[in-house]
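Since we're looking at a predicted model, the values are computed, not measured.
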Amino acid sequence: MKENIGFIGLGKMGLPMAKNLLKNGYHVFGSDVNENALIELRALGGNTGNMKEWIHKVQYVVLMLPSSVIVNKVVEEIIDSRSLVPLQDQNSLMIIDMSSSYPADTKENSRKLEPYNICFVDAPVSGGVKKAVDGTLTIMAGGSAEQFEKCKRLLCALGSNISLVGPSGSGHLIKAINNYLSATHLLASCEAVQLLENFGVEPEKAINVINQSTGRSGSTEYKFPSFILTETYNSGFSLELIKKDIGMASQLFKDADAATSLPEIVFQKFSEASIALDKEADHTEINKFVSNYLLKRGIINDENEKVVPGGSGSGNDVRPGGVRQF
């Protein structure tokens, strides 16, 4: 018989994940501030209600929340709710934090929950909404081997590439670094493709060549064809959330006294974009921001002629004074 699962955070990622738990035979008790998400979960056979109503019925609680601040608040609420029942009468409970949380907070939450007979595993995900729907997420878990084995079957209902990467906090650490790398690839790709377009190279042709070459990345192979070249910008992952993850990674580098400025540069660019773009902007809309700031500047070519990118696009006309228009 499958266990009872509490699921807090039924957003763009959380709701399809909760649905997959239902499909795999788990009994799901969901909580969220969005009533429409709760209605949708109930329509599929899920239970909903205030966490205090079901916390003593479940063996696991999955968290899929926007920030560490909210995760920390929910952890305190779970402790308060469990404290109302004598320890000897409490069922065993494991909290699985699948949010993008700060690793230091994760370790502290794990330590804090131990006296209450509550295990805490960090298991953030990668793959976006599409893989959340398909149940093929990549899941990077932090915790003990015993804890990982205990929740692995549940995680297999949500993902297809599941790894225990280290002790408590390790999953969230890798997630932050992964999203920093993803954002850096995306920013560099947007700048590169915009520069090529300024010289008259069609973005589609540029991406096709790059994807057959060593400069390819997840951004050029998936995000450009799916969301940027189509101008749909609907990956399901917001600019605000990836900015938060980049900022987290940047702080981790600072905490480690790492002699690098790149994380802060990338964070600054995404911070500027979040101000310039709509509040609800998708993270792939960084391309719009890049298009605005990457100015067309004159450069010198091999014939010592000044090249003016972004001209006719023909690449073979030379203007008076030795200036070639591209």
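Taking CG of L181 as the reference point, atom CD1 of I246 lies at 10.5 Å (rounded to 0.5 Å). The distance from atom NE2 of H56 to atom CE of M51, rounded to the nearest 0.5 Å, is 9.0 Å. Rounded to the nearest 0.5 angstrom, I139 CD1 and K131 NZ are separated by 11.5 Å. Once rounded to the nearest 0.5 Å, the distance linking CG of L186 with OG of S217 reads 8.0 Å. Here the CD-OG distance, from E53 to S81, works out to 10.5 Å after rounding to the nearest 0.5 Å. Atom-to-atom distance recorded for L38:CG and S31:OG is 7.0 Å, nearest 0.5 angstrom.
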Subject >> salt bridge (Lys or Arg N to Asp or Glu O under 4.0 Å) between K19 and E40, worked out >> reply: CA-CA 9 Å; K19 288 179 180 179; E40 193 169 343; 2.5 Å; yes
**OP:** List the steps, then state whether salt bridge (Lys or Arg N to Asp or Glu O under 4.0 Å) holds for E108 with R111.
**Re:** CA-CA 5 Å; E108 175 60 19; R111 183 199 63 77; 2.4 Å; yes
**OP:** Given side-chain hydrogen bond (donor to acceptor under 3.5 Å, both in side chains), test H283 with S238 step by step and report yes or no.
**Re:** CA-CA 5 Å; H283 81 289; S238 73; over 6 Å; no
Subject >> K73 and S68: CA distance, side-chain angles, deciding distance, side-chain contact (heavy atoms from CB on, under 4.5 Å) verdict >> reply: CA-CA 8 Å; K73 182 181 177 182; S68 283; over 6 Å; no
Original post:
Given N211 and T220, is the side-chain hydrogen bond (donor to acceptor under 3.5 Å, both in side chains) satisfied, shown in steps?
Top reply: CA-CA 7 Å; N211 283 340; T220 62; 2.6 Å; yes
Original post:
E76 and N72: side-chain hydrogen bond (donor to acceptor under 3.5 Å, both in side chains), yes or no, with the steps?
Top reply: CA-CA 6 Å; E76 291 294 341; N72 297 344; over 6 Å; no
Subject >> Stepwise salt bridge (Lys or Arg N to Asp or Glu O under 4.0 Å) check, K205 with E197 >> reply: CA-CA 10 Å; K205 291 182 179 179; E197 187 176 10; over 6 Å; no
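Taking the charged nitrogens against the carboxylate oxygens, K288 and E285 do have a contact shorter than 4.0 Å, which makes a salt bridge. K254 and E264 are joined by a salt bridge, as a carboxylate oxygen and a charged side-chain nitrogen come within less than 4.0 angstrom of each other. With respect to the salt-bridge test (charged N to carboxylate O, under 4.0 angstrom), the residues K57 and E3 do not qualify. Comment: K269 does not engage E191 in a salt bridge, judged by the lack of any side-chain N to carboxylate O separation of less than 4.0 angstrom.
Side-chain atoms of Y60 and N4, non-hydrogen and from C-beta on, never get closer than 4.5 Å to each other. You'll find the side chain of N109 reaches within 4.5 Å of the side chain of V71, heavy atoms only. Counting heavy atoms from C-beta on, the side chains of I95 and C119 never come closer than 4.5 Å. The shortest distance between side-chain heavy atoms of L173 and L252 falls below 4.5 Å. Between N234 and F227, the closest side-chain pair of non-hydrogen atoms falls below 4.5 Å. Looking at heavy atoms from C-beta onward, F237 lies in side-chain contact with D245 at the 4.5 angstrom threshold. At least one side-chain heavy atom of L137 sits under 4.5 Å from a side-chain heavy atom of M17. Taking 4.5 Å as the limit, some side-chain heavy atom of M98 sits within range of a side-chain heavy atom of L155.
When every heavy atom of I286 is checked against every heavy atom of A273, the shortest pair comes out as CD1-CB, 3.4 Å. Pairing each heavy atom of L10 with each of A37, the nearest pair is O-CB, 3.5 Å. The two residues A206 and L196 come nearest to each other via the heavy atoms CB-CD1, 3.8 Å. In this structure, S100 and M248 approach most closely via the heavy-atom pair O-CE, 3.5 Å. Nearest heavy atom pair, residue S219 against residue P225, reads O-CD, 4.4 Å. Residues K244 and S67 come closest through the heavy atom pair NZ-CA, 4.2 Å.
Placement of M13 and L44 within a single hydrophobic cluster is found when ILVMFWY residues are connected by side-chain heavy-atom separations under 4.5 Å, directly or transitively. Under the 4.5 Å side-chain contact rule for hydrophobic residues, V61 and L41 do not share a cluster. The cluster map of Ile, Leu, Val, Met, Phe, Trp and Tyr, joined by side-chain heavy atoms under 4.5 Å apart, puts M64 and V129 in the same cluster. Linking ILVMFWY side-chain heavy atoms closer than 4.5 Å, directly or via other members, places L65 and I78 in a single hydrophobic cluster. Taking hydrophobic clusters as Ile, Leu, Val, Met, Phe, Trp and Tyr residues chained together by side-chain heavy-atom distances below 4.5 Å, V133 does not share a cluster with Y222.
Between the side chain of N24 and the backbone N or O of N20, at least one donor-acceptor pair lies under 3.5 Å. Between the side chain of S271 and the backbone N or O of F267 there is at least one donor-acceptor pair closer than 3.5 Å. When atom types are taken as modelled, the side chain of K175 and the backbone of V125 share a donor-acceptor pair closer than 3.5 angstrom. Not one N or O on the side chain of R82 forms a donor-acceptor pair closer than 3.5 Å with the backbone of I79. Between the side chain of D97 and the main chain of P124, no donor-acceptor pair closer than 3.5 Å is present. Side-chain N or O atoms of T106 include one that pairs as donor or acceptor with a backbone N or O of Y102 at under 3.5 Å. Looking only at distances, no side-chain donor or acceptor of S99 sits under 3.5 Å from a matching main-chain atom of S101. Side chain of W54 to main chain of G49: a donor-acceptor pair is present (N/O by atom type, distance under 3.5 Å, no hydrogens or angles). Using modelled atom types, one side-chain atom of D282 and one backbone atom of G236 make a donor-acceptor pair closer than 3.5 Å. Distance alone, capped at 3.5 Å, is enough to place a donor-acceptor pair between the T230 side chain and the S226 backbone.
In this model, a donor atom of one side chain and an acceptor atom of the other lie less than 3.5 Å apart for S182 and K223.
Annotation for E114: atom CD does not count as buried by contact number, only 12 or fewer foreign heavy atoms lying within 6.0 Å. Other residues, nucleotides and ligands contribute at most 12 non-hydrogen atoms within 6.0 Å of the CD atom of E146. When the shell of 6.0 Å around NZ of K107 is examined, it contains 12 or fewer heavy atoms from other residues, nucleotides or ligands.
Residues meeting the side-chain contact (heavy atoms from CB on, under 4.5 Å) test with L229, sequence neighbours left out: P203, E204, I207, F224.
F253 and Y180 have their aromatic ring centers within a separation under 6.0 angstrom.
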